[in-house]
Amino acid sequence: MTVESTAARTPRRSAGSKAGTTGTKRTRTTAQKDAGTEPQLVQLLTPEGKRVKNAEYDKYVAGITPEELRGLYRDMVLTRRFDAEATSLQRQGELGLWASLLGQEAAQIGSGRATREDDYVFPTYREHGVAWCRGVDPANLLGMFRGVNNGGWDPNSNNFQLYTIVIGSQTLHATGYAMGVAKDGADSAVIAYFGDGASSQGDVAESFTFSAVYNAPVVFFCQNNQWAISEPTEKQSRVPIYQRAQGFGFPGVRVDGNDVLGVLAVTRWALERARSGEGPTLVEAFTYRMGAHTTSDDPTRYRGDEERQAWEAKDPILRLRRYLEASNHADEGFFEELEAESEALGKRVREAVRAMPDPDHFAIFENAYADGHALVDEERAQFAAYQASFADEGGN
């Protein structure tokens, strides 16, 4: 399969159908109209693959080499291939659920590569690209979605916390950890990922308050993919998400989330602020979820094809390829080798998932209480009787 052209394969609806046009009427908020200004957007690489100057952020990617650019491209291609394989595995019944990152590769790879080894990352459940950057084996991400473990990796081995399913709670975890980092006198930083939908959660507002008051070295990285399951951002906020930071007393910036160079530069800036004691920053990566919210979702019920097609033209992988080709930083041999590598990755992940052993059926009752509990013992006995009921009288 050609990885860079992989897009959401959802049924198309006619332009006149109700479900196909629901999400196409996107307007500026009242606050923006009153101010007469559009949100500011940091962009270093256009959808056409042209490099644009930015006096404030150019210095954060000024020393990037052709090899590093090819590395960013490789990261995005392999992440997309892994994600496509995971989606296929779920459709085949090998996974219970999967949350695709399709279209958000630049936001994740750019920010992930901006972190240092001693920084600590708190993800949600879609940060497969960030996990890749932190050295987490892609196969390990799938254990939880297959139901064979509760995470699959040691968070402290990569400074990458386990996936968080509860919406927004990881921002509180990140803030508390960052406050501890500051008290320890370390110069590392913390980064917390969340989506536009999570920005409406009270946990996120509390995190903003505590991080500002205690000047915590944390970067709040919001991947605004514009559809919190089925609600557009306009129903989440009256102002652009990055502007919310002003009310809490720290800076916010919106970056083109499909521009890997722009995301890399802005995240490096924000992390440097945190490490130098300047406190929190809110980064809004303005991107788009090309596929479904999860594999249990049908995006054709709430948004139209026209919108998705417009964002396909802004594909983060395609724009970097155009830049690499125009700058003579990569030849056809590089792309062919990468395609072969991506297929090998898909095969390895597929085989690893199917080889995962079933968990101990009774492990769920362990570690609930340090000294045991009568109710847990009772439930364990009931479950044992239930399991035994499947055996026939002959013991076969």
> Are the side chain of H293 and the backbone of W227 linked by a donor-acceptor contact shorter than 3.5 Å?
Replying inline: no
>> The criterion is side chain to side chain donor-acceptor pair (under 3.5 Å); which residues satisfy it with E379, sequence neighbours excluded?
In response: none
>> Looking at every non-hydrogen atom in both residues, tell me the closest pair between A86 and L95 and how far apart they are.
In response: O-CD1, 3.5 Å
> Which heavy-atom pair separates P232 from S230 by the least distance, and what is that distance?
Replying inline: CD-O, 4.0 Å
>> Under 4.0 Å between a side-chain nitrogen and a carboxylate oxygen: does that hold for R380 and D377?
In response: yes
>> Hydrophobic clusters here meaning ILVMFWY residues chained together by side-chain heavy-atom distances under 4.5 Å, can you tell me if F122 and V204 are in one?
In response: yes
> Are Q104 and M290 side-chain neighbours, meaning at least one heavy-atom pair lies under 4.5 Å?
Replying inline: no
>> Looking at S327 and L324, would you say the former's side chain and the latter's main chain have a donor-acceptor pair under 3.5 Å?
In response: no
> How are the rings of Y57 and W269 set relative to one another: parallel (under 30°), tilted (30 to 60°) or perpendicular (over 60°)?
Replying inline: perpendicular
>> Could you report the tightest heavy-atom contact between V52 and L45, atom names first, then the distance?
In response: CG2-N, 4.2 Å
> Checking ring pair (Phe, Tyr, Trp, His ring centres under 6.0 Å) for the pair F208/F250: CA distance, chi angles, key distance, verdict?
Replying inline: CA-CA 9 Å; F208 288 178; F250 57 88; 5.6 Å; yes
> Can you tell if the side chain of D256 reaches within under 4.5 Å of the side chain of V42, non-hydrogen atoms only?
Replying inline: no
Using residues 184-191 as the side-chain source, report each donor-acceptor pair under 3.5 Å to any protein atom, sequence neighbours left out, with the distance given to one decimal.
from, atom 1, to, atom 2, distance (Å)
D187, OD1, R116, NH2, 3.3

>> Looking at E67, I'd like to know if its CD atom is crowded, meaning that more than 12 non-hydrogen atoms belonging to other residues, nucleotides or ligands lie closer than 6.0 Å.
In response: no
> Any side-chain heavy-atom pair from V255 and Q43 closer than 4.5 angstrom?
Replying inline: no
> Between R321 and E325, is there a salt bridge with N-O shorter than 4.0 Å?
Replying inline: yes
Side-chain donor-acceptor pairs of residues 355-364 under 3.5 Å, sequence neighbours excluded:
from, atom 1, to, atom 2, distance (Å)
D360, OD1, F362, N, 3.0
H361, ND1, Q387, OE1, 3.3

Can I get a per-line list of side-chain donor-acceptor pairs under 3.5 Å for residues 169-182, giving both atom names and the distance, sequence neighbours left out?
from, atom 1, to, atom 2, distance (Å)
S169, OG, V166, O, 3.3
Q170, NE2, Y193, O, 2.7
T171, OG1, G168, O, 2.7
T171, OG1, S207, OG, 2.9
T175, OG1, T171, O, 2.8

> If you look at every heavy atom in F221 and A107, which pair is closest and at what distance?
Replying inline: CZ-O, 3.5 Å
> Between atom OG of S200 and atom CD of Q236, what is the distance when rounded to the nearest 0.5 Å?
Replying inline: 3.5 Å
>> Looking at D259 and K314, is any side-chain nitrogen of the basic one under 4.0 Å from a carboxylate oxygen of the acidic one?
In response: no
> Do R319 and E48 sit within salt-bridge range, that is, some charged N less than 4.0 Å from a carboxylate O?
Replying inline: no
>> Do E94 and R350 make a side-chain contact, defined as non-hydrogen atoms from C-beta onward lying under 4.5 Å apart?
In response: no
> Taking all atoms of both residues into account, what is the closest heavy-atom pair of Q108 and G129, and its distance?
Replying inline: OE1-N, 2.8 Å
> L72 versus L320: any side-chain heavy-atom pair under 4.5 Å?
Replying inline: yes
> Who are the side chain to side chain contact (heavy atoms under 4.5 Å, CB included) partners of D137, not counting sequence neighbours?
Replying inline: A139, N140, R348
> For D196, does its backbone N or O pair with a side-chain atom of N224 as donor and acceptor, under 3.5 Å?
Replying inline: no
>> For a quick check under 3.5 Å, do Y302 and D297 share a side-chain donor-acceptor pair by atom type?
In response: yes
> Do R238 and Q243 have a side chain donor and acceptor closer than 3.5 Å?
Replying inline: no
>> Tell me the closest heavy-atom pair linking L69 and H329, and the distance in Å.
In response: CD1-CD2, 3.8 Å
> Is there a path from F194 to F210 through hydrophobic residues (I, L, V, M, F, W, Y) whose side chains come within less than 4.5 Å of each other?
Replying inline: no
> Any side-chain heavy atom of R74 within less than 4.5 Å of one from E341?
Replying inline: yes
> Counting only N and O atoms by type, is there a donor-acceptor contact under 3.5 Å from the side chain of E68 to the main-chain atoms of T65?
Replying inline: yes
>> Please report the interatomic distance CG(D83) to CH2(W98), rounded to the nearest 0.5 Å.
In response: 6.5 Å
>> Regarding D75 and R113, does a basic nitrogen lie under 4.0 Å from an acidic carboxylate oxygen?
In response: yes
> When you measure from the side chain of R134 to the backbone N and O of V136, does any donor-acceptor pair fall under 3.5 Å?
Replying inline: no
>> I'd like to know if the side chain of R81 reaches the main chain of L345, judged simply by a donor and an acceptor atom lying under 3.5 Å from each other, with no hydrogens or angles considered.
In response: no
> With a 4.5 Å heavy-atom cut-off, do P123 and F160 have their side chains touching?
Replying inline: yes
>> Measuring from atom CD1 of I317 to atom CZ of R322, what distance do you get when rounded to the nearest 0.5 angstrom?
In response: 12.5 Å
> To the nearest 0.5 Å, how far apart are CG in L271 and OG1 in T281?
Replying inline: 8.5 Å
> Got a donor-acceptor contact below 3.5 angstrom from the S237 side chain to the I241 backbone?
Replying inline: no
>> Can you confirm if the NZ or CZ of R308 lies within 45° of the ring axis of Y288 and under 6.0 Å from the centre of its six-membered ring?
In response: no
>> Could you tell me if the side chain of L264 sits less than 4.5 Å from the side chain of I64, heavy atoms only?
In response: yes
>> Show, in sequence, the C-alpha distance, side-chain angles and deciding distance for Y125 and F145, and conclude whether the ring pair (Phe, Tyr, Trp, His ring centres under 6.0 Å) test is met.
In response: CA-CA 10 Å; Y125 48 77; F145 292 95; 7.9 Å; no
> Hey, does the side chain of Q226 reach the backbone of T287 with a donor-acceptor pair shorter than 3.5 angstrom?
Replying inline: yes
> Do the side chain of N156 and the main chain of N159 share a donor and acceptor less than 3.5 angstrom apart?
Replying inline: no
> When you measure from the centre of the six-membered ring of F286, is the NZ or CZ of R254 under 6.0 Å away and within 45° of the axis?
Replying inline: yes
> Side chains of E127 and Q223: donor-acceptor distance under 3.5 Å anywhere?
Replying inline: yes
> Should K59 and R268 be marked as a side chain to side chain contact (heavy atoms under 4.5 Å, CB included) after you check the CA-CA gap, both sets of side-chain angles, and the distance that decides it?
Replying inline: CA-CA 10 Å; K59 61 182 178 181; R268 280 178 172 173; over 6 Å; no
>> Can you tell me how far apart CD (E284) and OH (Y242) are? Round to the nearest 0.5 Å.
In response: 8.0 Å
> When you look at S296 and L97, which way does the side chain to side chain contact (heavy atoms under 4.5 Å, CB included) test go after all the steps?
Replying inline: CA-CA 7 Å; S296 64; L97 187 73; 3.8 Å; yes
>> Is the distance between the ring centroids of W153 and Y163 under 6.0 Å?
In response: yes
> Passes side chain to side chain contact (heavy atoms under 4.5 Å, CB included), R51 versus L44? Steps please.
Replying inline: CA-CA 6 Å; R51 182 73 163 84; L44 302 184; 3.7 Å; yes
> So with a 6.0 Å cut-off around OH of Y214, is the heavy-atom count from everything else above 12?
Replying inline: no
> side-chain hydrogen bond (donor to acceptor under 3.5 Å, both in side chains): which pairs involve residues 363-376, sequence neighbours left out?
Replying inline: none
> Is there a donor-acceptor pair closer than 3.5 Å between any side-chain N or O of T79 and the backbone N or O of M76?
Replying inline: no
